[in-house]
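Presented below is the structure to which this report refers.
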Amino acid sequence: MIKLSVAAVGFSLLAVGANAWGPLGHATVASVAMQYLLPETRSHVNKILANDPAPFVSTASSSSTSAASATTSTSASVISLTLSPIASPTKQITLVDIASWADDFRYTPEGSFSASLHYVDAEDEPPKKCNVKYKRDCGDSGCILSAIANYTTRVQDHSLDAKQRAQALKWITHFLGDIQQPLHDEAIAIGVWDTEMPTKLAGTFTPENVNAWTKKIVKELEFGQFRRHKWDWVSCTDIDAGAACPLVWAREANSFVCSYVLKTDPTGKEASGAYYDGAAPIIEMQIAKAFAPLRLLDLFSPKPLLPMSAPPTRVDNRLLRELIRGQSQAIAEMETNNAFILNQLHLINRRHADSARDYRGRLNDIDLRLRRIENSLERTPPVPTLYPSERPLHGFLGFDPSRHIVSVSLRNWNDARDIIPNGKDSVSALCVRGVRAVTPAAYNSYITAIRPDIVVALSDIPFSSTPPSEKRLVKSLERSLLWLGQLLRVNHANVFVPMAGLLDDVARDDFATGLLEALEGSEARELQPLGFHTLNDGVAGYTVDLAPLKRLQQTSSTENDGTSQLVTLTQTSLRPLPEGKPRLLSGCDSPHDILQFVQSGLDLFDSHFAQQAADWGVALDFRFPATPPQVDEEAIEIGVNLYEVEYEMAFTRFATSLRGGAEQHDPGLPICPCIACTPKFSSTPILHSSIDESPAGEEEAPPPFTRSYIHHLLHTHEMTAHVLLAAHNLSVLSRFFADIRAFLAEVSSAPDAEERFNEEIRRFGAQYKRPDELMRKAKLNWEDVNLARGKGRLAREKAAKATENPVDITQHPETVLPDVVP
């Protein structure tokens with residue numbers, strides 16, 4: 001076993017000049033991280049660092065000139081990398097300047113105490129066994145794990161003087177680079193990993209080489225080998241978790257000691273040949289990976305809104321935080337069916353030229369889930385408020401706070417059924433025991449207790465088929481603004497406000513204007529200390545709910561196209577408001593509607609129509625852009641109604657525009673990754689008896705489920721059919737938004753980008769029929785089967801048999817069952 005004592009390690013590290021990654025590596029780590037920090041974070045960091053104007057910097061950096069700006073262009077988008085100068089006496093001090101400060105400082109008498117803080121001496125058995133344990137390995141003198149936890153706390157402690165906070169920030173910047181070096185999680189001093197191999201990989205420490213390596217790593221993060229993994233690396237960024245997160249990062253880096261560093265070369269001193277060839281990718285990945293924990297600096301900004309999260313594959317929680325902060329321009333789609341079905345947020349660049357700079361290609365899905373309070377109102381207080389957890393709602397639903405963003409509203413956005421009118425001081429909500437009146441005080445107390453990530457404010461929007469009087473509409477606006485102010489007093493982060501005003505364009509404009517008016521009286525006295533001079537200052541985003549508007553449209557005598565009127569009303573509500581905050585729309589009935597609202601500048605869309613299609617047995621099948629139409633070609637449906645008899649023997653996959661993962665034909669089609677088209681089964685099945693045997697070797701990938709199979713399940717009233725259809729429909733919708741995203745990225749720099757997008761919308765409408773008739777027939781088919789095989793079937797059969805003229809239970813008027821609200 002190769003092991004040195006803590007004291008010996010300190011001298012050994014100094015003797016070989018081992019500074020984790022060396023000045024080049026540390027400067028590159030900081031430079032890469034700066035490309036991903038929010039603008040206000042960079043500004044805030046620079047202000048903190050300015051309080052210690054004489055930082056220690058390496059000899060190489062202090063004699064360097066300013067680095068030049070660099071730009072990398074791709075066909076997908078433009079990454080604008082304005083790399084920070086390494087050390088210029090005439091510029092602001094940045095993270096790049098102080099990245100190696102901790103290594104320089106520890107050589108001074110004042111900083112000699114810090115030698116042991118640059119690593120953790122893992123008492124494991126490399127290369128046989130590698131692991132890091134905090135209590136065992138950190139010791140009383142401290143280590144890099146406790147140092148990160150300590151200085152993270154100190155940089156946020158405003159009771160410390162400015163210089164102490166600046167030095168704490170310098171420690172953090174350096175240690176978050178150190179911890180990614182595998183041997184700094186083993187306390188073994190091998191200089192080739194610290195400086196020699198990084199230098200061979202990227203060159204000596206110069207501004208030009210820092211710029212070049214930064215460009216290369218960012219390009220890999222955005223478009224190359226690290227693209228699919230970059231947000232998985234944010235495995236833990238809870239700044240209040242002490243050493244828990246540093247321990248996760250240390251263990252990840254430490255694993256390479258056994259898997260490569262010492263396993264392949266016990267001496268660890270070869271900087272060339274096969275050993276270097278295998279080490280170079282690890283070094284570059286660890287340098288790239290260090291940007292992820294450095295993103296926690298976003299949380300030190302003056303007004304952090306969302307906790308940092310550790311997203312699973314395809315999830316980018318930082319993008320949602322940017323949307324809420326108003327730092328990015330995006331169009332997105334959010335699936336919000338119920339709290340127990342996967343919800344994703346898909347991001348699309350707008351056609352604005354600055355969107356490519358804001359996003360830099362980071363277009364992944366966000367795992368966001370919606371919970372409705374009314375589902376828990378059958379008892380007081382609601383059950384989720386009683387769950388014993390730091391994050392009760394996450395715990396009650398079984399969601400990991402580090403992996404999921406949970407949003408809360410009082411009511412189902414898409415449930416427009418008539419309900420008892422709201423009261424002067426309450427909102428009516430539907431629960432399993434009927435209607436409940438929820439006061440703002442009660443709602444705010446529930447929110448405070450369950451601690452969701454995003455809150456949709458209460459709003460006095462009438463749910464009725466009868467248009468309200470002018471007086472009632474004015475009261476609706478006044479109460480909605482009043483209740484928003486009451487919510488901001490107790491929960492002033494991540495509040496989305498529903499835009500009130502119904503079908504009255506003047507009322508909608510008045511409500512938006514009310515958000516921007518200066519606060520007065522008691523409201524001003526209570527909210528201005530929080531930094532809010534208008535209600536809009538405390539709002540993170542806006543929601544527009546189409547369901548109550550459509551309900552009123554059905555009884556109004558308007559001659560305008562329904563969707564066009566809704567677009568106009570939505571624009572009226574949002575026109576006065578800042579464009580930087582996300583705009584969420586619920587209740588679109590088709591991809592045609594989504595495209596129209598995308599065209600008008602909306603940001604977020606729910607997937608109500610896709611989930612409802614699954615509930616009614618429809619498998620979606622559409623793509624964007626539409627394929628060029630053939631001569632005299634008729635428009636086709638956006639999906640297939642699998643209740644219909646023609647699919648009884650249809651042994652084909654769900655969609656013709658996507659293929660299954662195991663299918664070799666149609667190689668030009670993208671793969672649908674859903675569990676219906678690309679099913680995956682465990683390679684280690686549970687054996688239920690002694691005669692069961694595990695499969696030998698790897699089995700071939702299973703083919704997609706077929707339309708005929710789902711047809712059979714639907715007619716036997718088997719819920720698995722709806723589960724598979726839901727997974728497929730959400731996947732098709734995800735692909736739809738990905739296709740829009742790709743198209744907008746392609747045309748974003750073209751002078752006729754808007755005209756080309758409008759033309760593709762027109763072509764889509766020409767190729768695909770609106771789904772109104774498809775959904776109507778599918779709903780009737782669902783009702784037939786539900787009546788024949790659903791709840792109460794035996795009682796209906798018994799009643800029919802007792803009559804002299806038995807009735808066919810499959811024949812019934814359409815009004816027998818109410819509309820289903822998923």
Side-chain angles (χ1 to χ4, degrees), residues 372-374 407-413 415-416 419-429 436-447 454-464 467-492 494-524 526-527 532 534-549 551-552 569-570 572-578 581-587:
R372 298 181 289 272
I373 292 282
E374 67 180 358
S407 171
V408 162
S409 66
L410 176 64
R411 295 209 57 203
N412 180 358
W413 293 337
D415 185 351
I419 190 173
I420 296 174
N422 299 330
K424 182 179 66 172
D425 299 309
S426 65
V427 176
S428 298
R436 291 287 188 271
V438 181
T439 65
Y443 184 67
N444 296 344
S445 69
Y446 301 157
I447 296 302
I454 297 174
V455 179
V456 178
L458 287 184
S459 185
D460 185 23
I461 298 178
F463 281 76
S464 172
S469 65
E470 182 178 351
K471 181 179 178 180
R472 174 68 181 89
L473 195 56
V474 171
K475 287 292 184 183
S476 168
L477 307 187
E478 293 175 349
R479 291 172 187 169
S480 298
L481 293 171
L482 175 65
W483 295 344
L484 173 61
Q486 293 174 0
L487 176 61
L488 292 177
R489 289 176 175 85
V490 298
N491 189 328
H492 48 273
N494 305 335
V495 174
F496 278 50
V497 57
M499 302 306 293
L502 295 178
L503 297 182
D504 191 312
D505 55 350
V506 175
R508 300 192 76 88
D509 182 74
D510 287 345
F511 182 78
T513 303
L515 293 174
L516 301 172
E517 292 178 350
L519 298 175
E520 298 178 351
S522 61
E523 201 168 46
E526 294 183 32
L527 292 179
F532 306 151
T534 68
L535 290 175
N536 190 68
D537 291 341
V539 170
Y542 316 102
T543 71
V544 177
D545 306 328
L546 298 184
L549 307 185
R551 187 66 185 272
L552 287 174
L569 290 169
T570 300
T572 300
S573 283
L574 300 175
R575 190 178 297 113
L577 301 171
K581 296 184 179 182
R583 300 152 178 236
L584 188 153
L585 185 78
S586 68

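Starting from 1, each residue takes its place in the sequence as its number. These numbers come from a predicted model, not from an experiment.
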So which heavy atom on [X] is nearest to which on [Y], and how close?
X    : Y    : value
P582 : F496 : CG-CZ, 3.8 Å
N494 : A540 : CA-CB, 3.7 Å
N536 : Y542 : OD1-OH, 2.5 Å
P440 : Q486 : CB-OE1, 3.2 Å
G538 : L488 : O-CD2, 3.3 Å
P498 : I461 : CB-CD1, 4.1 Å

Partner residues of [X] under the side-chain hydrogen bond (donor to acceptor under 3.5 Å, both in side chains) criterion, sequence neighbours left out:
X    : result
S459 : S480
Y446 : none
D545 : S586
R479 : D460

Side chain proximity check, [X] to [Y], heavy atoms < 4.5 angstrom:
X    : Y    : answer
V495 : L487 : yes
L549 : L502 : yes
I447 : V490 : no
V408 : Y443 : yes

Any residue meeting side chain to side chain contact (heavy atoms under 4.5 Å, CB included) with [X], in chain and number order, not counting sequence neighbours:
X    : value
S573 : M499, R508
A547 : A416
V474 : E478
I420 : S428, V435

I need the [X] [atom1] to [Y] [atom2] distance, nearest 0.5 Å.
X    : Y    : atom1 : atom2 : result
W483 : N444 : CH2   : CG    : 11.0 Å
F511 : T572 : CZ    : OG1   : 14.5 Å
D504 : L552 : CG    : CG    : 11.0 Å
T570 : D505 : OG1   : CG    : 12.0 Å

Sequence neighbours left out, cut at 3.5 Å: what donor-acceptor pairs do the side chains of residues 515-523 make with other protein atoms?
none

Legend entry - Residues R372, V456; criterion side-chain contact (heavy atoms from CB on, under 4.5 Å); working and verdict: CA-CA 10 Å; R372 298 181 289 272; V456 178; over 6 Å; no
Inset, instruction - Report yes or no: does D537 contribute a side-chain atom to a donor-acceptor pair with the main-chain N or O of T534 at less than 3.5 Å? - result: yes
Inset, instruction - Could you go through the side-chain contact (heavy atoms from CB on, under 4.5 Å) check for L535 and L527 one step at a time? - result: CA-CA 9 Å; L535 290 175; L527 292 179; 4.0 Å; yes
